[in-house]
Amino acid sequence: VKHNTVDGLGVTAKELKDITLGPCFADYAGRMKAFPVYSSLTDHSKDKLFETWSVDDVPMPVTSIEGYNGYFSLVEKKTRYREAYGYKQSISELPQALDKLIFKLGPRSNHRCKPMKILILDGSKTNLGSSLERFCQNISNPTEPVIKRYVSAPYKHQQNLSESNVQQGKNNMRINLAYNQAPSILWFKALRYGNRNSNLSVAPKTKNSRHEAMTVVRPDVSHYVPFYAVGYAHSQKDPTRNALSDRATRVRMIGYGDD
């Protein structure tokens, strides 16, 4: 409570002492079970693709090879599709990350997707900021709907849509780094590799993968190998080499391109 007061909620512990908390919109939108929720309010069969995203900012102790000091973890509510975008300075870079997300997966890329309407943010400090407010108001693009912001329950990993996915993403990242003893500066590439594999799993209540639901493209996994696996790339013909010279260069796999 004291932490949230400092973050700008403007509520003291004394004022909250006698308040009885009930379900809020973030409970329904995020499918959280912290409070009793009637079955009629948990029917998500009519959820629109891409409309609702959960967002969390995750600082990291090591600067990545790209120069990132942390990342934004984004999860689409209907399919549980995951994306991650790094930031170099602070969480004020969130609007730029959301712009990239909309350009990559929004209605212009997938006709089944609807415009973004709801952001469920983990923690009030992520919810604050004039840059994010301007982005959500769509001042520069008045034809798009206003994006509503909601704050989910803090420190409730088992109830929180963003927290549960952040923890799973971190676990996948650590496993990928440890499997072939990759250096820690590759954490962002390991994170994206883990998200890519998670998106190959079946979306809830469908027979398609999360990747196919969001991109309308069936993924091909025939070329997949473990993160940081050793490989050999064919060398270009060199007039100075002889019959005993190497014909390949030893390389490491650190991820797949978006194309």
Side-chain angles (χ1 to χ4, degrees), residues 29-31 44-58 66 68 71-88 91-121 126 131-150 161-162 165-166 168-169 172 188-224 254-259:
R31 299 179 180 175
H44 296 276
S45 59
K46 297 182 180 180
D47 286 344
K48 303 299 183 181
L49 191 64
F50 197 81
E51 275 192 348
T52 304
W53 286 81
S54 174
V55 184
D56 193 10
D57 64 286
V58 185
E66 300 90 349
Y68 297 139
Y71 68 94
F72 299 111
S73 175
L74 301 106
V75 183
E76 200 272 335
K77 188 193 71 171
K78 183 177 178 66
T79 63
R80 294 296 196 270
Y81 181 91
R82 296 180 184 178
E83 274 287 337
Y85 293 96
Y87 63 83
K88 296 183 178 181
I91 60 175
S92 62
E93 299 172 36
L94 178 57
Q96 290 86 347
L98 294 173
D99 276 329
K100 294 178 182 178
L101 178 71
I102 294 172
F103 179 79
K104 178 182 177 181
L105 300 171
R108 296 181 181 179
S109 301
N110 184 352
H111 67 278
R112 292 185 293 181
C113 290
K114 302 299 180 182
M116 184 182 292
K117 290 185 178 180
I118 296 172
L119 289 177
I120 302 176
L121 301 139
T126 311
S131 59
L132 181 59
E133 182 177 359
R134 287 194 299 270
F135 174 86
C136 292
Q137 292 296 328
N138 274 315
I139 296 175
S140 60
N141 191 6
T143 59
E144 295 292 330
V146 173
I147 300 174
K148 298 180 180 179
R149 292 172 291 168
Y150 296 94
L161 174 63
S162 56
N165 284 280
V166 165
Q168 188 172 354
N172 290 340
F188 186 69
K189 295 188 182 298
L191 174 70
R192 294 194 65 193
Y193 177 89
N195 284 348
R196 192 181 183 100
N197 289 342
S198 296
N199 291 335
L200 295 176
S201 59
V202 177
K205 299 181 180 180
T206 70
K207 295 182 179 180
N208 298 325
S209 68
R210 304 175 188 185
H211 179 275
E212 186 175 357
M214 292 301 299
T215 64
V216 203
V217 177
R218 181 164 293 183
D220 178 16
V221 298
S222 60
H223 60 290
Y224 269 43
I254 58 174
Y256 301 101
D258 289 334
D259 56 354

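Counting begins at 1 with the first residue of the sequence.
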Carefully, step by step, assess Phe135 and Leu94 under the rule side chain to side chain contact (heavy atoms under 4.5 Å, CB included). CA-CA 9 Å; Phe135 174 86; Leu94 178 57; over 6 Å; no

Side chain to side chain contact (heavy atoms under 4.5 Å, CB included), that's the test. Do Thr52 and Lys117 meet it? Break it down for me. CA-CA 6 Å; Thr52 304; Lys117 290 185 178 180; 6.0 Å; no

**Request:** Assess whether ring-ring contact (aromatic ring centres under 6.0 Å, His included) is satisfied between Tyr87 and Phe72, documenting all intermediate values.
**Result:** CA-CA 7 Å; Tyr87 63 83; Phe72 299 111; 4.9 Å; yes

- request: Output, in order, the C-alpha distance, side-chain angles, deciding distance and verdict of side chain to side chain contact (heavy atoms under 4.5 Å, CB included) for Asn197 and Asn172.
  value: CA-CA 9 Å; Asn197 289 342; Asn172 290 340; over 6 Å; no

Quiz item: What do the steps show when you test Phe50 against Asn110 for side chain to side chain contact (heavy atoms under 4.5 Å, CB included), and what is the final call?
Solution: CA-CA 10 Å; Phe50 197 81; Asn110 184 352; over 6 Å; no

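To the nearest 0.5 Å, the span separating CG on Leu74 from CG on Leu98 amounts to 6.0 Å. Note that CE of Met116 and CD of Glu76 are 9.0 Å apart. Values are rounded to the nearest 0.5 Å. The OG atom of Ser54 lies 9.0 Å from the CG atom of Leu119; values are rounded to the nearest 0.5 Å. In this structure, CD on Gln137 lies 9.5 Å from CD1 on Ile147, to the nearest 0.5 angstrom. Distance CE/Met214 to CZ/Arg82: 14.0 Å, rounded to 0.5 Å. Rounding to the nearest 0.5 angstrom, the gap separating the CG atom in Asn199 from the OG1 atom in Thr79 is 7.5 Å.
Side chains of Thr206 and Asn208: a donor-acceptor N/O pair is absent below 3.5 angstrom, by distance only.
Taking both residues in full, the closest heavy atoms of Tyr85 and Phe188 are given as C-CE1, 4.0 Å, listed atom of the first, atom of the second, then distance. Between Ser201 and Ser198, the shortest heavy-atom distance links the atoms OG-O, 2.5 Å. Taking all atoms of both residues into account, the shortest heavy-atom contact from Ala213 to Arg112 is O-NH2, 3.6 Å. Across all non-hydrogen atoms, the minimal contact from Leu191 to Gly169 is CD1-O, 3.9 Å. Closest of all the heavy-atom pairs between Ala84 and Asn195 is CB-ND2, 3.5 Å. Across Ser92 and Ser131, no two heavy atoms sit closer than the pair O-OG, 3.8 Å.
Checked by atom type and distance alone, the side chain of Thr215 never pairs as donor or acceptor with a backbone atom of Leu105 at under 3.5 Å. In this structure a side-chain-to-backbone donor-acceptor pair under 3.5 Å is present from Glu93 to Lys88. His211 contributes no side-chain N or O that, together with a main-chain N or O of Arg196, makes up a donor-acceptor pair within less than 3.5 Å.
For Lys104 and Glu83, the salt-bridge test passes: some basic side-chain N is under 4.0 Å from an acidic carboxylate O. Look at Glu51 and Lys77 and you find no salt bridge, because none of the NZ, NE, NH1 or NH2 atoms lies under 4.0 Å from a carboxylate O.
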